[in-house]
Amino acid sequence: MDGITGLREKYLRYIAAAGDMDTLENLRLAALGKKGEISLKMRALGQMSAAERQVAGPALNGLKSEIDAALKARRAALEDAILEQRLQAEWLDVTLPARPRPSGTIHPVSQVMDELTAIFADMGFSVAEGPQIESDWHNFDALNIAPEHPARQEHDTFFMHRAVDDNRPPHVLRTHTSPVQIRAMQSQGAPIRVIAPGRVYRMDMDQTHTPMFHQVEGLAIDRDITMAQLKWTLEEFCRAFFEVDEVELRFRASHFPFTEPSAEVDIRCSWEGGQLKIGEGTDWLEILGSGMVHPHVLRAGGIDPDRWQGFAFGMGIDRIAMLKYGIPDLRAFFESDLRWLRHYGFASLDQPSLAAGLSR
Ligand code: PHE
């Protein structure tokens with residue numbers, strides 16, 4: 001029939017050449033759409049004689065399915081090509097190392113606080129807290145520190161502001177963690193086993209002193225607590241904290257207004273070749289102050305000194321952090337130098353636990 005060969009050639013050629021889906025769709029409409037060339041021819045079958053129709057009908061049907069098949073094949077080919085193109089363009093090397101993400105480190109002071117909290121928790125101590133801006137009474141009077149005691153003098157203590165005509169003693173930035181002893185006694189009564197790590201402030205600045213530093217207070221009160229338990233607790237702590245089996249502590253008689261008797265505690269160490277070793281050698285390093293809680297202090301905390309007694313200690317956290325991790329200068333702790341923090345800081349997953357060991 002007229003034109004069929006021409007149409008076939010034309011559409012097969014165009015379809016083969018179609019480079020994208022839009023072109024292909026336009027070709028489909030042009031051939032097989034409602035007003036497409038082939039559709040119009042099929043519609044024209046109705047006006048033909050039966051004989052003509054018998055020839056033209058199958059020929060047109062054949063053409064229609066041939067074009068249909070060609071369109072489908074071309075569509076599949078184009079889809080494959082598009083997919084191939086995407087696979088090329090969106091290719092990703094999953095074996096490449098990930099982009100570095102800057103991450104901070106845990107400050108040695110925080111790390112050491114976590115470590116000592118874990119160790120004392122194992123010995124039955126819980127953590128107590130108090131304010132850093134402390135009343136004069138909690139920081140001094142309640143701790144049996146008389147008004148004329150040198151620790152009260154302006155050069156040691158930071159005082160808060162009071163209005164000119166306000167004659168109450170000004171609050172202070174706590175000069176030690178010992179006021180938390182009083183707060184713990186008042187809030188929980190006896191018996192007590194607490195530690196209180198935190199910031200303290202003194203007007204002091206040189207290679208081994210900063211105006212803000214950290215202490216941990218310890219307080220154990222019960223019916224029959226003695227210096228022997230104080231000694232055991234501190235030895236046990238040092239063994240676990242410094243990770244040495246043999247630690248030797250030296251108790252030196254001392255004086256604190258809030259303990260009687262009082263002792264300062266040194267730890268045996270050696271400085272061979274500039275390398276500090278805990279537990280051996282002939283040197284001694286002072287690490288804390290301690291003693292049996294003074295009856296005046298128990299009374300100030302609302303505890304009857306005829307029925308209860310106990311020990312207390314105050315240890316410098318920055319000091320023991322320097323000792324354990326070989327950090328030479330205290331001032332660097334608080335300078336926020338990123339290089340220092342990266343070097344001495346800890347990964348956030350270096351969580352202390354007694355079972356896992358404490359070393360990095
Ligand atoms: N508060 C004392 C200080 O800062 C340490 C200490 C605490 C001493 C508890 C004895 C008992 O030096």
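Hydrogens, waters and symmetry mates play no part in the numbers below; they use all other heavy atoms, side chains included. Counting convention: from 1, in listed order, for ligands and their atoms alike.
Contacts between R202 and ligand 1 below 4.0 angstrom, taking non-hydrogen atoms only, involve the side chain exclusively. The part of F313 lying near ligand 1 is the backbone, judged by heavy-atom distances below 4.0 Å.
Considering only non-hydrogen protein atoms, atom 5 (C) of ligand 1 sits nearest to G314 CA, 4.0 Å. Among all protein heavy atoms, the one lying closest to atom 9 (C) of ligand 1 is E217 OE2, 3.3 Å. Nearest protein neighbour of atom 2 (C) of ligand 1, counting heavy atoms only, is F258 CZ, 3.6 Å.
Grouping the Ile, Leu, Val, Met, Phe, Trp and Tyr side chains by contacts below 4.5 angstrom, directly or via other members, places V216 with V265.
Remark: distances from the non-hydrogen atoms of M315 to ligand 1 are all 4.0 Å or more.
Distances below 4.0 Å separate heavy atoms of Q215 from the following atoms of ligand 1: 3 (C), 4 (O). Each of the following atoms of ligand 1 lies closer than 4.0 Å to a heavy atom of S178: 1 (N), 7 (C).
Salt-bridge annotation for E243 and K324: present, with a side-chain N of the basic residue lying under 4.0 Å from a carboxylate O of the acidic one. A salt bridge links E286 to R252: one of the charged nitrogens lies within less than 4.0 Å of a carboxylate oxygen.
In this structure, F333 and H107 have tilted ring planes: the angle between them lies in the 30° to 60° band. Between F311 and F125, the ring planes lie tilted relative to each other; the angle falls in the 30° to 60° range. Below 30°, between 30° and 60°, or above 60°: for Y11 and Y14 the angle between ring planes is above 60°, a perpendicular geometry.
For a threshold of 3.5 Å applied to N or O pairs, the pair formed by Q181 and ligand 1 contains no separation below that value. Considering backbone and side-chain atoms together, T175 places no N or O closer than 3.5 Å to any N or O of ligand 1.
Of the possible polar contacts, none joining the E246 side chain to the G279 backbone as a donor-acceptor pair under 3.5 Å is found.
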